[in-house]
Amino acid sequence: VDREAWIRALERSLEAEAVSTAPGDLQAVSHDESDLPGVLPACTCRPRTTAEVAAVIRVAMEHGVPVTVRGGGSGLEGGAIPLAGGIVLDLSRMDGVLAVSPDERVVVAQPGVTHDRLNRLLRSTGLHFPPSPGGSGDVATLGGMVSTDASGLYSLRHGGTRRWVRGLEAVTGTGEVLRVGGRVPKSSAGYDLKDLLVGSEGTLGVVTEVTLGLEPLPAGFVRATLAFPTIEEACEAAAEMAGYVPELAAVELADRETMEALRALPGLGDVPGEDLLMIEAQGRPGECAAGREAALEVAAAHGGQVVEEIGDPWALRHRMTRTLREAAHPAGVARTDCAVPLPALARFVNEIKSLAAAGGTAQTPRRAYVFGHAGVGIVHCLMPLGGAGSWTPDEARAARDSLAARAVALGGTVSGEHGIGLGQRDLLALEHPDGIAWMRRLKAIFDPRGILNPGKVL
Ligand SMILES: Cc1cc2nc3c(=O)[nH]c(=O)nc-3n(C[C@H](O)[C@H](O)[C@H](O)COP(=O)(O)OP(=O)(O)OC[C@H]3O[C@@H](n4cnc5c(N)ncnc54)[C@H](O)[C@@H]3O)c2cc1C
């Protein structure tokens with residue numbers, strides 16, 4: 001009865017067709033791109049305005065109903081799974097680009113705009129929003145990117161989303177509309193609530209508008225793929241390139257097992273199954289040439305050579321996450337999202353490989369696919385839970401836990417870019433044994449009834 005009451009209250013607050021309990025609609029928002037089990041919500045709401053978002057939150061607060069915000073649903077740690085049922089607040093209709101100021105290099109947009117669409121719309125201004133989640137840019141929304149502090153290929157040069165967020169509008173768990181930050185590149189006025197909301201994964205507020213700084217499109221770029229005799233050499237070269245070749249905007253790692261998996265795809269049979277780095281230098285022609293030359297020198301010192309068979313390395317790079325997941329379907333994959341300081345990169349990747357080698361059999365060794373944004377120390381390891389070289393869920397969990405602990409001990413982080421969500425919740429205390437209690441206190445201020453994305457992050 002209560003459920004009917006709050007659903008009727010939602011229908012009074014939004015256009016009637018913006019609230020749905022249709023099984024197909026509930027199913028569509030029950031999961032994200034992680035392999036964590038989906039959960040059906042009771043209803044979905046698709047607001048168009050901040051006022052409608054605030055109305056939904058007020059109904060939810062009054063009735064104590066959980067609310068899970070959803071952008072594109074491309075998250076990899078279950079952040080958008082409506083764990084506690086209730087309402088999924090789907091922001092895909094809030095997809096307006098509200099204002100572009102080329103002189104100021106600023107754009108104001110609603111949260112449902114996708115990364116790729118924003119950059120397509122900006123192209124004629126000669127500006128862009130540089131953080132790129134690569135393989136998911138077509139679906140990842142600005143709200144989702146802000147809420148996970150997403151990064152990607154170009155994080156070596158451009159950092160994560162946080163660096164580009166100037167201001168936010170958000171609706172807190174009390175239904176109040178809060179504007180934080182502003183339009184200028186920096187401010188020293190008081191506590192930075194904007195930076196608190198960035199990366200908060202829908203647990204402190206619903207981001208309803210973003211003001212982002214922009215950057216001129218690069219004058220030009222060159223890309224190259226380099227093959228190395230061992231994964232250690234590739235990692236050591238990546239660390240040196242990131243440290244000493246300032247023209248490089250991206251240094252990506254892919255191990256030979258990942259490349260072998262890609263070779264199985266139609267048309268990719270010629271791709272070498274070797275440990276690779278994929279790089280991009282950006283700038284004027286002279287800068288690009290100098291960056292490429294310096295990177296090749298570093299590579300040569302580690303036995304690395306240019307691979308000609310791969311045309312555009314990013315066309316391949318963007319397919320890794322989904323290809324490996326599909327190969328393990330329907331069991332899926334377990335993953336790590338750790339980052340370590342660059343001098344520890346090779347050691348950390350070696351530890352992943354030793355963990356994999358410690359199980360399985362000589363005929364069917366366990367596979368640990370390793371790839372990531374090596375230039376900033378982010379290493380993703382995907383462990384198949386089904387198909388060739390698979391791990392049992394318990395083995396994969398133990399490996400994930402031990403790698404996370406190792407990353408923290410080396411001075412790194414348990415989550416370089418995907419967020420804590422649901423999948424990494426038990427790892428947060430490893431990194432923030434004292435901070436967690438303060439995070440809980442902050443959560444209680446922003447969301448006193450605990451309705452915003454319960455069961456996530458903390
Ligand atoms: C093939 C593939 C490649 C990827 N590559 C990268 C990569 O290179 N780098 C990277 O960082 N990530 C990557 N990702 C992960 C994912 O794309 C990012 O985490 C992205 O930022 C999620 O955006 P989304 O709109 O899909 O968010 P969702 O998955 O819908 O949500 C993610 C989290 O943000 C919250 N949220 C969403 N919108 C809002 C809002 N408006 N207000 C408050 N909270 C909100 C949700 O509640 C959830 O907790 C990849 C994913 C895939 C499938």
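Remember, it's 1-based here, ligands and their atoms both numbered in the order they're listed.
A 4.5 Å side-chain heavy-atom check between I87 and T44 finds every atom pair outside the cut-off.
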Side chains of residues 69-82: which donor-acceptor pairs under 3.5 Å do they make with residues two or more places apart or in other chains?
residue: R70; atom: NH1; partner: H31; partner atom: O; Å: 2.9
residue: R70; atom: NH2; partner: H31; partner atom: O; Å: 3.2

Return a table of donor-acceptor pairs under 3.5 angstrom between the side chains of residues 445-452 and protein atoms on other chains or two or more places apart.
residue: D447; atom: OD1; partner: G450; partner atom: N; Å: 3.4
residue: D447; atom: OD1; partner: I451; partner atom: N; Å: 3.0
residue: D447; atom: OD2; partner: K443; partner atom: NZ; Å: 2.7
residue: D447; atom: OD2; partner: I451; partner atom: N; Å: 3.2
residue: D447; atom: OD2; partner: L452; partner atom: N; Å: 2.9
residue: R449; atom: NH1; partner: M61; partner atom: O; Å: 2.5
residue: R449; atom: NH1; partner: E62; partner atom: O; Å: 3.4

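Taking a cutoff of 4.0 Å between a charged side-chain nitrogen and a carboxylate oxygen, E274 and R256 do not qualify as a salt bridge. Using a 4.0 Å cut-off between charged nitrogen and carboxylate oxygen, R322 and E33 count as a salt-bridge pair.
Using a 4.0 Å heavy-atom criterion, the residues that approach ligand 1 are E33, V69, R70, G71, G72, G73, S74, G75, L76, G79, A80, L91, P111, P133, G135, S136, A140, T141, G143, G144, M145, S147, T148, A150, S151, G152, E201, G202, G205, V206, V207, T321, R322, H373, E417, H418, N453.
The side-chain hydrogen bond (donor to acceptor under 3.5 Å, both in side chains) pairs that include a residue from residues 133-142 number zero, where partners must be two or more places apart or lie in different chains.
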